[in-house]
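Quick notes on the structure that follows.
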Amino acid sequence: MPLRSESDAEVWFALPSDSGDVFWEGLNAKIVGSDLAQVNAVPAWVYGVNFGDTVATVRSAEGALVGANVSQRGDQATFRIWLGEDPELAATWLSIVARYAQRGCLVDPISENLIALSCPDVRSHLIRDLLIRDGQTTALVWEDGSAAGPAH
C-alpha cells in the first residue's frame, strides 16, 4: 500500500456543485507512468476515487495535474463520517478515529466534524456494518464515497 510520504505530486479533482461553480480537491499522489498517478490520500470530497487508485491525468493550462478518470482500482473503499455541529458528538472524534483505525482503516480526520476513512474492499462490509450501528446509536452521519456520487 502506498504511503503519503511516497507522494511526489498533487492531483486535482473537480467537484461540481448544484450552483454550477466548480470546487477542487487536491490529493497527494505518486507519478507511476506517463499521465498516470496513484492516489496516496483518502478523498474527503471526491466521489469514485479511492486511496490507492491509479488515475489518468492531464495538465491544466496553469500546469496543475488534473485527475481525468480512474484507470485502475486500488482495492480500497472510502467512507466519510460527519459528526455535525453537536459539540458533545464532535468531542468524541478522537475515539471514533481510534475505533476505525483499530479495525484496519486509514483515517484522515479532516476536522473535528468530518473524518475520511479508507479500508480494503474485502473489509468494507464490516466497516459499513459498524458505521450503520454507530449511526443508529449516535447522531453521526456517514456515507460511502467509493461510488460516483453521494449515496444518501
Side-chain angles (χ1 to χ4, degrees), residues 1-19 21-30 32 36-57 65-152:
M1 181 171 302
L3 299 174
R4 181 177 276 176
S5 62
E6 297 172 0
S7 299
D8 57 11
E10 190 169 43
V11 177
W12 291 89
F13 293 87
L15 306 168
S17 70
D18 293 338
S19 69
D21 294 328
V22 177
F23 300 95
W24 295 88
E25 180 175 9
L27 299 176
N28 290 329
K30 180 169 182 57
V32 294
L36 293 173
Q38 186 175 37
V39 175
N40 290 353
V42 183
W45 307 105
V46 176
Y47 291 94
V49 175
N50 302 292
F51 185 94
D53 285 355
T54 299
V55 296
T57 62
L65 278 178
V66 177
N69 62 304
V70 175
S71 63
Q72 183 177 359
R73 291 281 169 206
D75 298 324
Q76 292 281 308
T78 300
F79 297 98
R80 297 173 188 116
I81 298 172
W82 174 247
L83 300 177
E85 302 301 328
D86 178 357
E88 287 182 31
L89 184 57
T92 67
W93 74 274
L94 279 173
S95 65
I96 292 170
V97 164
R99 180 169 47 251
Y100 285 93
Q102 289 170 351
R103 291 189 171 62
C105 291
L106 294 172
V107 182
D108 190 354
I110 308 304
S111 70
E112 292 179 357
N113 304 91
L114 178 63
I115 302 166
L117 306 174
S118 178
C119 69
D121 278 335
V122 297
R123 295 185 49 79
S124 64
H125 67 285
L126 299 171
I127 299 304
R128 186 176 287 107
D129 290 347
L130 183 58
L131 287 164
I132 290 170
R133 188 169 54 243
D134 283 350
Q136 292 170 341
T137 59
T138 70
L140 73 75
V141 176
W142 67 276
E143 69 176 5
D144 185 338
S146 300
H152 39 293

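Scope of the values below: all heavy atoms of this structure, side chains included, with no hydrogens, waters or symmetry mates. In this text, all values refer to a predicted model and were calculated from it rather than measured experimentally.
- Closest approach of L27 to A41, counting heavy atoms only: CD2-CB, 4.0 Å.
- The pair K30-E6 fails the salt-bridge criterion, with no side-chain N (NZ, NE, NH1 or NH2) lying under 4.0 Å from an Asp/Glu carboxylate O.
- With rounding to the nearest 0.5 angstrom, the OG atom of S7 is 3.5 Å from the CG atom of N40.
- Between the side chain of T138 and the main chain of L140, a donor-acceptor pair closer than 3.5 Å is present.
- Checked by atom type, the side-chain pair Y100/D134 shows a donor-acceptor distance below 3.5 Å.
- In this structure the side chain of I96 reaches within 4.5 angstrom of the side chain of I115, judged on heavy atoms.
- Heavy-atom neighbours of Q72 CD from other residues, nucleotides or ligands within 6.0 Å: at or below the threshold of 12.
- When side chains are defined from C-beta on, S146 does not count as touching F79, because their heavy atoms never get closer than 4.5 Å.
- Under a 3.5 Å cut-off, the side chain of D108 and the backbone N or O of A116 do not form any donor-acceptor pair.
- W142 approaches R128 most closely through the heavy-atom pair CH2-CG, 3.6 Å.
- Side chains of Q38 and T54: no donor on one and acceptor on the other come within 3.5 Å.
- The salt bridge (charged side-chain N to carboxylate O under 4.0 Å, His left out) check on R123 picks up nothing, with sequence neighbours excluded.
- The shortest non-hydrogen separation linking S118 to Q76 is OG-OE1, 2.6 Å.
- Remark: the backbone N or O of V55 is not paired with any side-chain donor or acceptor of D53 at under 3.5 angstrom.
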Would T57 and V66 count as a side-chain contact (heavy atoms from CB on, under 4.5 Å) here? Give the steps.
CA-CA 5 Å; T57 62; V66 177; over 6 Å; no
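- Of all non-hydrogen atoms in L83 and E112, the two that sit nearest each other are CD1-O, 3.3 Å.
- Panel note: side chain R80, backbone A44; a donor-acceptor pair is recorded below 3.5 Å.
- Annotation: side chain of L117 is not in contact with side chain of L106 (no heavy-atom distance under 4.5 Å).
- No donor-acceptor pair under 3.5 Å is formed between the side chain of S17 and the backbone N or O of V22.
- At least one donor-acceptor pair closer than 3.5 Å links the side chain of E25 to the backbone N or O of V46.
- For the pair P109 and W93, the tightest heavy-atom approach, listed with the atom from each and the gap, is CB-CZ3, 3.7 Å.
- Taking both residues in full, the closest heavy atoms of R103 and L130 are given as CD-CD2, 3.3 Å, listed atom of the first, atom of the second, then distance.
- In this structure a side-chain-to-backbone donor-acceptor pair under 3.5 Å is missing from T92 to S95.
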After noting the C-alpha distance and the side-chain angles of L65 and E10, does the key distance pass the side-chain contact (heavy atoms from CB on, under 4.5 Å) rule?
CA-CA 7 Å; L65 278 178; E10 190 169 43; over 6 Å; no
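- Applying the 6.0 Å contact sphere to CH2 of W82 captures more than 12 heavy atoms from other residues, nucleotides or ligands.
- Atom CG in L131 sits 7.5 Å away from atom SG in C105 (nearest 0.5 Å).
- When T78, D75, D121 are each tested for a side-chain hydrogen bond (donor to acceptor under 3.5 Å, both in side chains) with N50, only one passes: T78.
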